[in-house]
Amino acid sequence: MSELIALFGTLQMQVIVIMIAADVVLGIIAALVKKDLLWGKVADFMKGPILAYVLGFAVLEMVEQALPGLAYGYIVLVAFILIVIALLISILKNLGRLGLPLPGILKK
């Protein structure tokens with residue numbers, strides 16, 4: 001059990017969870033402001049990307065621990081960077097839905 005706690009207690013996992021929480025809160029606020037909040041969409045988001053990001057990253061961390069020579073640990077780092085980028089884009093999209101002016105490149 002302590003291995004499981006250590007797996008989910010890494011700094012990278014904490015960053016992912018905090019970014020997911022920020023994304024969910026901003027998404028709900030944006031939906032409330034736009035008056036198009038559908039709890040089914042929130043539930044689908046919780047099942048889909050959240051489980052994929054958190055559990056997928058945890059599995060990669062376990063694989064890295066089991067096979068330490070695999071790609072010299074870069075797989076977990078690259079996965080972390082890609083997850084953070086995806087969450088950052090989603091957070092910025094939600095901020096745009098709240099009316100925050102975003103640069104044109106971020107609106108695409």
Side-chain angles (χ1 to χ4, degrees):
M1 186 68 168
S2 64
E3 295 89 15
L4 191 60
I5 291 171
L7 183 67
F8 285 98
T10 65
L11 178 62
Q12 291 172 322
M13 188 63 80
Q14 291 170 1
V15 168
I16 291 170
V17 170
I18 289 168
M19 289 185 76
I20 288 171
D23 189 25
V24 169
V25 168
L26 286 172
I28 290 172
I29 292 170
L32 287 171
V33 167
K34 297 285 184 179
K35 296 183 176 149
D36 64 353
L37 179 65
L38 299 172
W39 288 108
K41 280 187 174 182
V42 176
D44 288 342
F45 181 77
M46 298 298 276
K47 288 188 303 191
I50 289 180
L51 287 178
Y53 291 150
V54 173
L55 296 180
F57 190 75
V59 168
L60 282 176
E61 285 183 321
M62 289 189 317
V63 168
E64 182 184 47
Q65 289 174 6
L67 305 167
L70 183 68
Y72 305 104
Y74 290 121
I75 291 175
V76 172
L77 178 62
V78 169
F80 174 71
I81 291 169
L82 291 174
I83 290 170
V84 167
I85 289 170
L87 288 169
L88 188 58
I89 289 169
S90 184
I91 289 169
L92 289 172
K93 204 158 107 176
N94 285 329
L95 289 172
R97 288 178 60 205
L98 285 170
L100 182 77
L102 298 175
I105 195 164
L106 293 176
K107 291 180 183 179
K108 293 181 181 179

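None of the values given here were measured: they were computed from a predicted structure. As a basis for the values below, the full set of heavy atoms in this structure was taken, side chains included, without hydrogen atoms, waters or symmetry mates.
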For a quick test of reading the model, state the closest non-hydrogen atom pair linking E61 to T10 and the distance between them. OE2-OG1, 3.1 Å
Among residues two or more places apart or on two chains, list those pairs meeting salt bridge (Lys or Arg N to Asp or Glu O under 4.0 Å) that have a residue in residues 75-87. none
Counterpart residues, side-chain contact (heavy atoms from CB on, under 4.5 Å), relative to L55 (two or more places apart): F8, L51
Hydrophobic cluster membership, with links at side-chain heavy-atom distances under 4.5 Å among I/L/V/M/F/W/Y: are V17 and V25 in one? yes
With sequence neighbours left out, the residues meeting side-chain contact (heavy atoms from CB on, under 4.5 Å) with I83 are I16, Y53, F57, L87
When you compare the side chain of E64 with that of I75, does any pair of heavy atoms fall below 4.5 Å? no
My understanding is that only residues two or more places apart in sequence, or in another chain, count here; which of them pass side-chain contact (heavy atoms from CB on, under 4.5 Å) with Q14? L11
Nearest heavy-atom approach of M19 to V84 is CE-O, 3.5 Å
From L92 CG over to D23 CG, what is the distance, rounded to the nearest 0.5 angstrom? 10.0 Å
So, taking the atom named CD1 in I20 and the one named OG in S90, what distance separates them when rounded to the nearest 0.5 Å? 10.0 Å
If the condition is side-chain contact (heavy atoms from CB on, under 4.5 Å), which residues does L82 pass it with, not counting sequence neighbours? V78
L60 and A79: which non-hydrogen atoms are nearest, and at how many Å? CD1-CB, 3.3 Å
Of all pairs that satisfy salt bridge (Lys or Arg N to Asp or Glu O under 4.0 Å), the ones with a partner from residues 79-103, not counting sequence neighbours: D36-R97
Can you measure from CD1 (I91) to CG (L88) and round to the nearest 0.5 angstrom? 6.0 Å
